[in-house]
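Data block below; observations after.
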Amino acid sequence: MLELTTISKTFFAGTVNERLALRDVSLRLAPAEFVTVIGSNGAGKSTLLNIVAGALTPDHGSVQIDGRDVTRLPDHRRARTIGRVFQDPMAGTAPSMTIEENLAIAYARGQRRGLHRGVTRSKRELFRTELASLELGLEHRLKTTVGLLSGGQRQALSLLMATFSEPKILLLDEHTAALDPRRAELVAGLTTAAVRRHRLTTLMVTHNMDQALRLGTRLIMMHEGRIVVDIEGERKRRATVADLLDAFERVKGAELDDRTLLQ
Ligand SMILES: Nc1ncnc2c1ncn2[C@@H]1O[C@H](COP(=O)(O)OP(=O)(O)OP(=O)(O)O)[C@@H](O)[C@H]1O
Ligand SMILES: [Mg+2]
């Protein structure tokens, strides 16, 4: 379970560059809940994910994972609980290393002791099986340098690596944005499968509203550092892109108070 309580974050406070990125954001995610996150540029989506990951510390508020307060725990101390995939296919993998070396590193991250980064025969078998589940033929290319893979192949690999350590939480920041529509669909499908299989509590940022509606169990829209739409279940299933655009227009025109506008 992930619980964010009244999180605020301002960058460059007290300077001309001051940016209020998050205003009193509270969000509670049940185990295995899969939330898609939409909102215009600068709405605070990445800041929110960075605070969950521990890459940023909030000015106010708290982050709890499974009842444990991790607000001030640095990212490397949360790494085992959290898997991340970024927009840039280059970001999640080591391009000069082979597929199996990358997987070995990701696998070692999940181990409690030591850094067993070597590739043993049994690990190689496991890697093959896992890669086969991506249905990209990568299981036959363990010795291929990751830098030679396409963006879609790399994102699929990044996703696999992010879930290798069996994290509790999966954070996806526009991880299909740099891919062509077919590859984006493929990676979206792999995402849904991984979330279900590992029962991951997931936050997935996307600018694709259609994707945000189709994937996941719940959808939130952010605007100027607040969560302004929060729908799940039947309401989410029935919602259309036109509804979201409409909500966005209303939010833009409204003077927001401190409460969530639409729920
Ligand atoms: N490291 C940082 N230093 C200074 N300002 C930042 C930093 N990160 C984010 N901001 C500011 O905080 C606000 C929210 O940014 P954030 O990156 O969270 O938006 P976003 O919703 O992810 O937008 P996008 O859709 O463009 O990725 C913006 O005004 C941004 O300029
Ligand atoms: Mg962002």
Side-chain angles (χ1 to χ4, degrees), residues 1-30 33-65 69-72 82 84 86-87 169-175 177 201-213 215-236 238-263:
M1 199 253 290
L2 172 67
E3 185 155 15
L4 306 177
T5 312
T6 57
I7 297 276
S8 295
K9 181 72 187 177
T10 302
F11 292 102
F12 305 120
T15 75
V16 287
N17 292 320
E18 182 167 303
R19 284 269 182 286
L20 218 174
L22 293 175
R23 312 172 190 236
D24 256 349
V25 170
S26 294
L27 182 67
R28 189 191 169 96
L29 266 63
E33 196 160 26
F34 180 176
V35 181
T36 53
V37 185
I38 57 171
S40 46
N41 296 126
K45 306 177 298 293
S46 296
T47 304
L48 187 74
L49 266 57
N50 280 325
I51 282 177
V52 174
L56 289 174
T57 310
D59 302 330
H60 301 286
S62 68
V63 181
Q64 292 201 0
I65 297 174
D69 190 325
V70 296
T71 316
R72 317 230 156 249
I82 292 171
R84 296 193 82 175
F86 299 91
Q87 176 175 359
I169 295 166
L170 181 63
L171 302 175
L172 307 166
D173 199 346
E174 300 187 48
H175 72 311
T201 305
T202 303
L203 281 168
M204 180 184 122
V205 176
T206 176
H207 280 288
N208 182 332
M209 293 196 188
D210 183 52
Q211 187 186 52
L213 286 169
L215 301 185
T217 54
R218 178 173 168 192
L219 178 150
I220 63 176
M221 182 193 288
M222 296 190 67
H223 181 65
E224 294 182 352
R226 289 189 176 94
I227 295 172
V228 292
V229 172
D230 186 348
I231 52 173
E232 61 187 318
E234 194 50 35
R235 282 198 66 196
K236 175 170 178 294
R238 275 209 305 260
T240 62
V241 171
D243 293 335
L244 294 179
L245 289 170
D246 189 45
F248 184 62
E249 286 306 316
R250 272 185 287 150
V251 165
K252 269 200 311 188
E255 276 296 313
L256 292 182
D257 62 18
D258 282 340
R259 291 160 51 86
T260 301
L261 197 72
L262 307 163
Q263 277 196 335

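The basis for the numbers below is simple: all heavy atoms, side chains too, and nothing from hydrogens, waters or symmetry mates. All figures in this text were calculated on a predicted structure; none of them were measured in a lab.
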(request) Would you sort out whether Arg84 and Asn50 count as a side-chain contact (heavy atoms from CB on, under 4.5 Å), showing the intermediate values? (result) CA-CA 10 Å; Arg84 296 193 82 175; Asn50 280 325; 3.1 Å; yes

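- Atom CD of residue Glu174 and atom NE2 of residue His207 lie 4.0 Å apart, to the nearest 0.5 angstrom.
- Scanning all heavy atoms of the two residues, the minimum distance from Ala247 to Val229 falls at CB-CG2, 4.1 Å.
- Residues Glu232 and Thr217 have side chains not in contact (no heavy-atom distance under 4.5 Å, counting atoms from C-beta outward).
- From Leu171, atom CG reaches atom CG of Leu49 across 4.5 Å, with rounding to the nearest 0.5 Å.
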(request) Apply side-chain contact (heavy atoms from CB on, under 4.5 Å) to Met222 and Leu22, showing your working. (result) CA-CA 10 Å; Met222 296 190 67; Leu22 293 175; 3.6 Å; yes

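- Rounded to the nearest 0.5 Å, atoms CD (Glu3) and CD (Gln64) are 5.5 Å apart.
- Judged by distance alone, the side chain of Lys45 and the main-chain N or O of Gly39 form a donor-acceptor pair under 3.5 Å.
- Across all their heavy atoms, Ile227 and Ser26 have their closest contact at CD1-O, 3.9 Å.
- For the atom pair CD1 (Ile7) and OG (Ser62), the distance works out to 6.0 Å, reported to the nearest 0.5 Å.
- Between the Thr6 side chain and the Asp24 main chain, no donor and acceptor come within less than 3.5 Å of each other.
- Put simply, the side chain of Thr5 never gets that close to the backbone of Gly61: no donor and acceptor are under 3.5 Å apart.
- Side-chain contact between Glu33 and Arg28 is absent, with no heavy-atom pair separated by less than 4.5 Å.
- When side chains are defined from C-beta on, Val63 counts as touching Leu2, because their heavy atoms get closer than 4.5 Å.
- When all heavy atoms are compared, the tightest approach of Lys236 to Leu219 is CD-N, 3.8 Å.
- A donor-acceptor pair shorter than 3.5 Å can be found between the side chains of Ser46 and Asp173.
- For the atom pair Leu20 CG and Phe12 CZ, the distance stands at 13.5 Å (nearest 0.5 Å).
- Counting heavy atoms from C-beta outward, Phe248 and Ile38 have side chains that stay 4.5 Å or more apart.
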(request) Could you walk me through whether Met1 and Thr201 pass side-chain contact (heavy atoms from CB on, under 4.5 Å), step by step? (result) CA-CA 7 Å; Met1 199 253 290; Thr201 305; over 6 Å; no

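- Atom NZ in Lys9 sits 10.5 Å away from atom NE2 in His60 (nearest 0.5 Å).
- Proximity of Leu56 to Phe11: side-chain heavy atoms (C-beta onward) are separated by under 4.5 Å at one or more points.
- Residues Arg218 and Asp230 meet the side-chain proximity criterion, which asks for heavy atoms closer than 4.5 Å.
- Of the possible donor and acceptor atoms, none in the side chain of Arg72 sits under 3.5 Å from a partner among the backbone N and O of Thr57.
- Taking 4.5 Å as the limit, every side-chain heavy atom of Thr206 sits out of range of all side-chain heavy atoms of Leu215.
- Between Ile82 and Ile65, the closest side-chain pair of non-hydrogen atoms falls below 4.5 Å.
- Looking at Leu172, Val35, Thr36 one by one, the single match for side-chain contact (heavy atoms from CB on, under 4.5 Å) with Thr202 turns out to be Leu172.
- Thr15 and Asn17 form no side-chain donor-acceptor contact under 3.5 Å, judged by distance and modelled atom types alone.
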(request) Would you sort out whether Leu29 and Ile169 count as a side-chain contact (heavy atoms from CB on, under 4.5 Å), showing the intermediate values? (result) CA-CA 10 Å; Leu29 266 63; Ile169 295 166; over 6 Å; no

